[in-house]
A.B. asks: 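Supplied in structure tokens, the structure appears directly below.
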Amino acid sequence: MRLLGIFGHPISHSLSPKMQNAAIKAAGLEKEYVFLPFDIFPEDVASAVESLRVLGVKGVNVTIPHKEGVIPYLDELDAQAEAVQAVNVIVNENKRLIGYNTDGIGFIRSLKEDAGIEPRGKKVLVLGAGGAAKSVSAALASAGAKDLVIVNRTIKRAQSIGEIARKIGANARAFDFSSEGVKKEIAAAHIIVNTTSVGLYPPNQSLLTDYLEYLNQDQLVSDIIYHPQETLLLKQARMRGCDTLSGAGMLIYQGAEAFRLWTGVEAPVHEMRKALEEELKTVD
Ligand code: ATR
């Protein structure tokens with residue numbers, strides 16, 4: 001039996017163990033794998049990563065606050081992890097540790113499969129410029145999104161994400177919320193995605209409250225937040241006639257890609273979604 005798991009701090013609220021163990025069961029791999037949460041303090045990251053080699057752990061997810069901190073202790077990064085300098089999956093190939101970033105791929109797959117939208121050639125407005133924005137923007141650029149507009153409270157961070165997207169081949173521009181051009185950009189976007197924690201807690205906040213008149217029914221508005229399933233932003237967008245997409249799909253598909261990387265087996269996403277939805281019912 002091989003061990004899988006997730007490194008984070010704190011970790012007790014992570015939904016990945018339920019989702020991944022449901023996937024292991026549905027794929028008939030219960031005799032081969034088990035997935036456990038590991039609460040890793042920041043000062044222990046180096047020895048935690050080294051323990052993967054020593055104990056023969058097949059792989060782990062990596063979440064906040066370790067996505068960047070694990071990098072110096074890995075042997076190799078895939079292109080996406082290299083582009084955003086953040087890792088959410090480690091795979092142990094005979095003691096060689098390879099870092100991947102499947103967050104952005106998860107978002108793209110959710111766009112395609114849950115919302116039925118192909119990002120190629122689209123104009124996308126990204127709200128926020130933290131780690132999640134970086135993964136989502138790089139994946140959008142790799143998937144052929146034509147025009148990325150990054151809007152952030154702090155414009156400097158938006159500019160640095162723009163640089164990453166441009167290196168991959170997209171047009172990218174940066175704004176802060178006070179720029180006059182923002183209203184026009186919101187109205188012109190095909191896809192809008194909130195990558196910030198605004199709307200997570202307290203749940204009655206939305207970055208677009210002052211811009212609702214610029215939303216229209218030809219747009220898809222998405223949130224990477226999955227709890228609540230419908231954030232205030234998504235509710236506002238739905239009221240304006242937009243299509244909406246919650247962050248649940250991104251969480252499921254980043255995990256599905258991780259599962260495939262560890263086991264070599266296509267992930268049973270239907271069962272992963274069911275496990276996630278059941279678990280979400282139990283959290284307040
Ligand atoms: P993560 O790595 O999870 O994306 P992060 O790096 O802390 O987290 O980034 C959080 C993002 O949410 C940033 O874009 C942040 O804006 P700043 O770069 O200006 O800090 C944004 N954010 C968080 N709280 C916000 C708020 N109340 N209003 C506007 N933006 C907010």
Side-chain angles (χ1 to χ4, degrees), residues 6-11 13-16 40 42 45 61-71 80-89 99-108 110 124-141 148-165 172-179 181-183 185-186 189 191-212 214 221-228 231-234 236-237 246-251 254-255:
I6 179 165
F7 286 179
H9 181 70
I11 201 63
H13 296 295
S14 171
L15 300 172
S16 290
I40 306 296
V45 166
N61 274 135
V62 181
T63 188
I64 292 163
H66 302 315
K67 289 186 181 190
E68 285 138 31
V70 296
I71 290 179
Q80 211 65 22
E82 180 71 45
V84 301
Q85 285 297 304
V87 160
N88 77 313
V89 181
Y100 294 82
N101 191 309
T102 67
D103 287 329
I105 302 162
F107 176 70
I108 301 293
S110 182
V124 186
L125 187 128
V126 177
L127 294 167
K134 225 191 268 180
S135 299
V136 165
S137 302
L140 281 164
L148 290 184
V149 176
I150 297 128
V151 183
N152 195 43
R153 185 172 57 181
T154 315
I155 193 158
K156 259 200 141 107
R157 297 183 84 191
Q159 284 162 343
S160 79
I161 294 206
E163 271 166 41
I164 293 171
R173 287 165 299 134
F175 291 84
D176 61 29
F177 287 94
S178 61
S179 326
V182 162
K183 295 168 182 168
E185 299 295 343
I186 292 172
I191 300 166
I192 296 174
V193 51
N194 173 47
T195 67
T196 75
S197 53
V198 177
L200 178 65
Y201 188 84
N204 58 349
Q205 288 190 357
S206 156
L207 287 177
L208 291 191
T209 295
D210 296 336
Y211 303 89
L212 296 183
Y214 304 101
V221 177
S222 59
D223 208 318
I224 70 161
I225 294 171
Y226 51 83
H227 186 67
T231 55
L232 178 59
L233 169 70
L234 295 191
Q236 291 169 330
S246 98
M250 175 175 171
L251 177 67
Q254 66 73 31

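Just follow the structure's listing: the first ligand is 1, and inside any ligand the first atom is 1.
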A.B. asks: What's the spacing between I192 CD1 and Y211 OH if we round to 0.5 Å?
C.D. replies: 12.0 Å

A.B. asks: Under a 3.5 Å cutoff, is there a donor and acceptor pairing between the side chains of D223 and S246?
C.D. replies: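 Note: D223 and S246 side chains miss the donor-acceptor criterion.
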
A.B. asks: To the nearest 0.5 Å, tell me how far K134 NZ sits from R157 CZ.
C.D. replies: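 Answer for the NZ-CZ pair, K134 versus R157, is 8.0 Å.
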
A.B. asks: Of all residues at least two apart in sequence or in a different chain, which pass the side chain to side chain donor-acceptor pair (under 3.5 Å) check with T154?
C.D. replies: none

A.B. asks: As an exercise, state the distance from OG of S197 to CD1 of I225, rounded to the nearest 0.5 Å.
C.D. replies: 6.5 Å

A.B. asks: List, ordered by chain and residue number, the protein residues whose closest non-hydrogen atom lies under 4.0 Å from any atom of ligand 1.
C.D. replies: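 Contacts of ligand 1 under 4.0 Å: G128, A129, G130, G131, A132, N152, R153, T154, R157, T196, V198, L207.
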
A.B. asks: Taking all atoms of both residues into account, what is the closest heavy-atom pair of N101 and A86, and its distance?
C.D. replies: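 Closest approach of N101 to A86: ND2-O, 3.0 Å.
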
